[in-house]
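The first residue in the sequence is number 1, and the count goes up from there. Counting convention: from 1, in listed order, for ligands and their atoms alike. The basis for the numbers below is simple: all heavy atoms, side chains too, and nothing from hydrogens, waters or symmetry mates.
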Amino acid sequence: MILGVETSCDETAAALVTDDGEIRSSVVASQVELHAEYGGVVPEIASRRHLELIAPVLRETLGRAGATLDDVDRVAVTQGPGLIGALLVGLAAAKAVAWARRLPLVPVDHLRGHVASLYLQPEPLEPPFLCLLASGGHTMLIDVRDHREHELLGTTLDDAAGEAFDKGARLLGLGYPGGREIDRLAREGDPGAFDFPVARIPGLDFSFSGLKTALLYTVRDLTPAELETRRADLAASYQRAIVRALVGRVREAAEQAGRQQVAVVGGVAANSELREALPGAALAPLPLCTDNAAMIASAARFGAPLAAPDYLGLDAYATAA
Ligand code: KG4
Ligand code: ZN
């Protein structure tokens, strides 16, 4: 079995996954409540909390699978991109477990991890496909040719889609993280109530900062009482604009790359309107949309293991290579 470790942001996660992609256990300790009062993730607080949680999370992961370290034959860990201090906690823990047992270690790119959430049982997706990766930190269109060969076709020029959700939620006075809150509130609102612009830029890239500014100006022109009564309409209209931008570009990219199959991964893939707007698309199962370690172990099945002790000097990286 592969023991996966993920600590790139504010989730301390570990998982046990078999070589054929079956999840034996997956534990995600979320720090959301810890960061909520600040309206976003505070890196130093995240690192410290990872430090407290990593050992109990690893123990819980083995326990839930009825396994011991004897059952683990390689360790997988997120090397980046993410918060450097947070990544280092997972990396150090993974190195320690691997080295103690002289096991190989597979460093995994977090974004490849999100894509590999689609390769898990019970319904693993087979490449090729056109993948939209939409999370709090990234918005990417990737031509997934096979398990190892990816081509980046488009990305965001400013905010990520999840970031647009989070910033929009803050403007609307909703909680953090905002995606889920907007998703929930939008169900009660009229998506046609406000006309928010969707940036049309050449190529296959995205831009969400103009949309956020449009929401800001709209909210600013409302009295507190009006905001109260129109909040659901604003959420619905804002979400509609983001979903339209994503879906439009996914279709264009699929056509350009000549892909019939489309897939969506990352935290924003949990969005109910986006899921409905792409019938026929392969969607990461809800628990695997947001950060988790099962996807990291899954990616390790297609990654290059480093033998002990070659990985002891391995460093984390903050931004995508
Ligand atoms: O993949 P993820 O857990 O972390 C990163 O790697 O960034 O994605 C988190 C992002 C947050 O921005 C959050 O607001 C968004 O995913 N998100 C959603 C929903 N659930 C989470 N956005 C829209 N609708 C949702 N239901
Ligand atoms: Zn992520």
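Of all the heavy atoms of Asp291, the ones lying under 4.0 Å from any atom of ligand 1 are found in both the backbone and the side chain. Only the side chain of His114 comes within 4.0 Å of ligand 1, judged by heavy-atom distances.
In terms of protein heavy-atom proximity, atom 21 (C) of ligand 1 is closest to Gly267 O, 3.4 Å. Taking atom 7 (O) of ligand 1 as the reference point, the nearest protein heavy-atom neighbour is Gly136 N, 2.8 Å. Among all non-hydrogen protein atoms, the one lying nearest atom 11 (C) of ligand 1 is Asp166 OD2, 3.6 Å. Asp183 OD2, 2.8 Å is the protein heavy atom nearest to atom 26 (N) of ligand 1. For atom 24 (N) of ligand 1, the nearest non-hydrogen atom of the protein is Asn271 ND2, 3.0 Å. Closest protein heavy atom to atom 22 (N) of ligand 1: Gly179 CA, 3.3 Å.
Listed by chain and number, the protein N, O or S atoms at a distance under 2.8 Å from the Zn ion (ligand 2) are His110 NE2, His114 NE2, Asp291 OD1.
In this structure, Arg102 forms a cation-pi arrangement with Trp99, its terminal cationic atom sitting closer than 6.0 Å to the ring centre and no more than 45° off the ring axis.
Not a single heavy atom of Arg184 sits less than 4.0 Å from an atom of ligand 1.
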Item checked: Stepwise salt bridge (Lys or Arg N to Asp or Glu O under 4.0 Å) test for Arg49 and Glu33 -> CA-CA 12 Å; Arg49 192 69 182 136; Glu33 280 156 33; over 6 Å; no
Margin query: Assess the residue pair Tyr176 and Glu181 against the criterion (side chain to side chain contact (heavy atoms under 4.5 Å, CB included)); give the C-alpha distance rounded to whole Å, side-chain angles, the decisive distance to 0.1 Å, and a yes or no.
Written below: CA-CA 8 Å; Tyr176 171 85; Glu181 297 300 318; over 6 Å; no
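Against a heavy-atom cut-off of under 4.0 Å, Thr290 is close to the following atoms of ligand 1: 3 (O). Which parts of ligand 1 touch Ser135 is read off a 4.0 Å heavy-atom cut-off, strictly below it: atoms 1 (O), 5 (C), 6 (O), 7 (O), 8 (O). Each of the atoms 12 (O) of ligand 1 lies under 4.0 Å from some heavy atom of Gly162. Counting the atoms of ligand 1 from 1 in the order shown, those under 4.0 Å from a heavy atom of Gly137 are 7 (O).
For the pair Arg249 and Asp205, the salt-bridge criterion is not met [side-chain N within less than 4.0 Å of a carboxylate O]. Ion pair Arg74/Asp19 flagged as a salt bridge, since at least one NZ, NE, NH1 or NH2 atom sits closer than 4.0 Å to an Asp/Glu carboxylate oxygen. With respect to Glu60 and Arg64, a salt bridge is recorded, a charged nitrogen being found less than 4.0 Å from a carboxylate O. In this structure, Glu52 does not pair ionically with Arg48, as no charged nitrogen and carboxylate oxygen lie closer than 4.0 Å.
Between Leu130 and Leu153, the shortest heavy-atom contact is CD2-CD1, 3.7 Å.
Ring geometry for Phe194 against Phe196 counts as parallel: the plane angle stays under 30°, on a 0 to 90° scale with 60° as the upper cut. Between His147 and Phe302, the ring-plane angle classifies as parallel under the 30° and 60° cut-offs.
Looking at Ser207 and Asp158, their side chains do bring a donor and an acceptor atom within 3.5 Å of each other. A donor and an acceptor atom, one from each side chain of Arg230 and Thr218, are nowhere located under 3.5 Å apart.
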